[in-house]
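This report concerns only the one structure given below.
Hydrogens, waters and symmetry mates play no part in the numbers below; they use all other heavy atoms, side chains included.
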Amino acid sequence: MSSSISYEDVRAAAGRIAGDVRPVTVAAVDPGTFGPAEGWLAYEFTQHTGSFKARGAANFIAAHRAAGAVPEAGVVIASGGNAGLACAWAAARHGIRATVFVPETAPPVKVARLRLLGADVRRVGTEYAAALEASREHVARTGALESHAYDHPLIAAGAGTLLEEIRAALPGLDTVVVAVGGGGLFSGVAAAAHHHGVRVVAVEPENCRALNAAIEAGRVVDVPVRSVAADSLGARRATGMALDWARRADVVSALVPDEAILDARRALWDDRKLAVEHGTAAAYAALRSGAYRPAPGERVCVVVCGANTDPSDLVRPGE
């Protein structure tokens, strides 16, 4: 489904979703947190449904409604959880039926929330790929509108509106750091960042490295999916548009081990009482672990993109 997106697509998405999504809050980190650099965190986890995915879903639904292209069978999506939540939320706002296919490994907190949003939840297989196949069989049977967790121009363009808001808050921004799964957030952010001359650091777990492997191979390839962050970053392959933007933009690909992700997630809780997903913590881990080392005075913003997690393992006894 991949196709190229442009900065103009991101700007069009910003117009469609204005007033529907929550503007991102940007918070400074303490001096020295990012070494010699100046640093901020973008609190996108406060977005509707708890992640950046609401932006792409809002853009997808708004564009199809405007075109009169939403069928009676509604919309269907396969998701590890967050994209399904966003799709169900956006559909419910317009009275549209939503069917969401998730792997059996999807976190219970996400499945419960999907049902609260009124989605018809179908649990299939142990990986995203199995849920995706089942969702496409559903589309063939029912004629439902197929959305995608990340591989759709409208989804990626919607996600890219986040960079527009971050840069408005930080006009002198040099670098934005984002976690990468299949590449929807990365593609949208990279399209906007390239327009503004902002570097993108694309962070993946060492054993969920779909974009990194594609850059290395020069083409999209399948990769193993084995990481503590697999529930949100466990795409077996990156999108063609993600690889396209990795080639065109000022992009640094960084890999982090699971141990660094666990450390970063714990640090966000201990230092700021932020309970985030393991996938979200991957971006912060790149700076804590040294996978990305900013230059002195570099102005860096890390996207804290999702918080649909069970925080019980973060609270120490006695807290």
Side-chain angles (χ1 to χ4, degrees), residues 1 13 16-17 19-22 44-67 69-125 127-128 130-139 141-152 154-159 161-162 181-182 184-185 188 231-235 277 279-280 305-310:
M1 190 182 294
R16 286 192 197 100
I17 69 177
D20 288 337
V21 298
R22 295 170 178 156
E44 181 65 359
F45 65 90
T46 66
Q47 188 54 259
H48 293 293
T49 73
S51 86
F52 74 93
K53 297 282 190 178
R55 295 175 181 272
N59 189 42
F60 179 88
I61 294 293
H64 282 89
R65 284 189 79 243
V70 179
E72 182 67 25
V75 62
V76 63
I77 190 170
S79 167
N82 281 343
L85 286 168
C87 181
W89 164 79
R93 286 172 63 87
H94 298 288
I96 296 169
R97 295 170 58 187
T99 303
V100 182
F101 287 80
V102 300
E104 293 174 3
T105 52
V109 65
K110 296 182 182 180
V111 173
R113 182 62 180 160
L114 279 167
R115 289 178 172 142
L116 282 174
L117 288 167
D120 178 5
V121 182
R122 315 280 181 91
R123 304 182 77 171
V124 179
E127 289 187 11
Y128 169 77
L132 178 62
E133 181 180 354
S135 74
R136 288 178 171 165
E137 291 171 356
H138 178 83
V139 169
R141 287 195 310 271
T142 67
L145 173 64
E146 181 182 9
S147 185
H148 196 281
Y150 52 87
D151 193 6
H152 194 288
L154 289 169
I155 298 295
T161 62
L162 174 60
L185 174 62
D231 67 301
S232 55
L233 303 183
E277 300 172 34
T280 297
C305 61
N308 289 310
T309 188
D310 181 351

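- Contact detail for T161 and G158: the closest heavy-atom pair is OG1-O, 2.6 Å.
- Taking the six-membered ring where tryptophan is involved, the planes of H152 and F60 are perpendicular, since the angle between them exceeds 60° and thus also 30°.
- A donor-acceptor contact shorter than 3.5 Å links the side chain of E277 to the backbone of N308.
- Taking CD1 of I96 as the reference point, atom CD of E72 lies at 10.5 Å (rounded to 0.5 Å).
- Each of T49, D120, V100 was scored for a side chain to side chain contact (heavy atoms under 4.5 Å, CB included) with L114, with one residue passing: V100.
- Ring centers of H148 and Y150: under 6.0 Å apart, within the cut-off.
- Scanning all heavy atoms of the two residues, the minimum distance from I61 to A91 falls at CG1-N, 4.4 Å.
- Side-chain contact between K53 and L85 is absent, with no heavy-atom pair separated by less than 4.5 Å.
- The minimum heavy-atom distance linking F101 with A131 is given by the pair CB-O, 3.6 Å.
- Atom OG of S51 sits about 12.0 Å away from atom CZ of F45, to the nearest 0.5 Å.
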For this session: Begin with the C-alpha distance, continue with both residues' side-chain angles, and end with the deciding distance and a verdict on side chain to side chain contact (heavy atoms under 4.5 Å, CB included) for K110 and V102.
Result: CA-CA 10 Å; K110 296 182 182 180; V102 300; over 6 Å; no
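- Here the CD atom belonging to E44 is positioned 6.5 Å from the OG1 atom belonging to T46, to the nearest 0.5 angstrom.
- When atom types are taken as modelled, the side chain of R16 and the backbone of N59 share no donor-acceptor pair closer than 3.5 angstrom.
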Exercise. Between I17 and R55, is a side chain to side chain contact (heavy atoms under 4.5 Å, CB included) present by the stated rule, with each step listed?
Worked result: CA-CA 7 Å; I17 69 177; R55 295 175 181 272; 4.2 Å; yes
For this session: Please assess S232 against T280 for the test side chain to side chain contact (heavy atoms under 4.5 Å, CB included), listing each intermediate value before the final yes or no.
Result: CA-CA 8 Å; S232 55; T280 297; over 6 Å; no
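- In this structure, the separation between CG on L185 and CZ on F52 is 4.5 Å, given to the nearest 0.5 Å.
- The two residues V139 and A144 have their closest heavy-atom pair at CG1-O, 3.5 Å.
- The two residues G143 and P71 have their closest heavy-atom pair at O-CG, 3.4 Å.
- When atom types are taken as modelled, the side chain of Q47 and the backbone of R22 share a donor-acceptor pair closer than 3.5 angstrom.
- Across every non-hydrogen atom of G84 and S79, the tightest pair is N-OG, 2.8 Å.
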Exercise. What's the verdict on side chain to side chain contact (heavy atoms under 4.5 Å, CB included) for V75 and C87, showing C-alpha distance, side-chain angles and the deciding distance?
Worked result: CA-CA 8 Å; V75 62; C87 181; 3.7 Å; yes
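- The side-chain heavy atoms of H94 and V70, taken from C-beta on, include no pair separated by under 4.5 Å.
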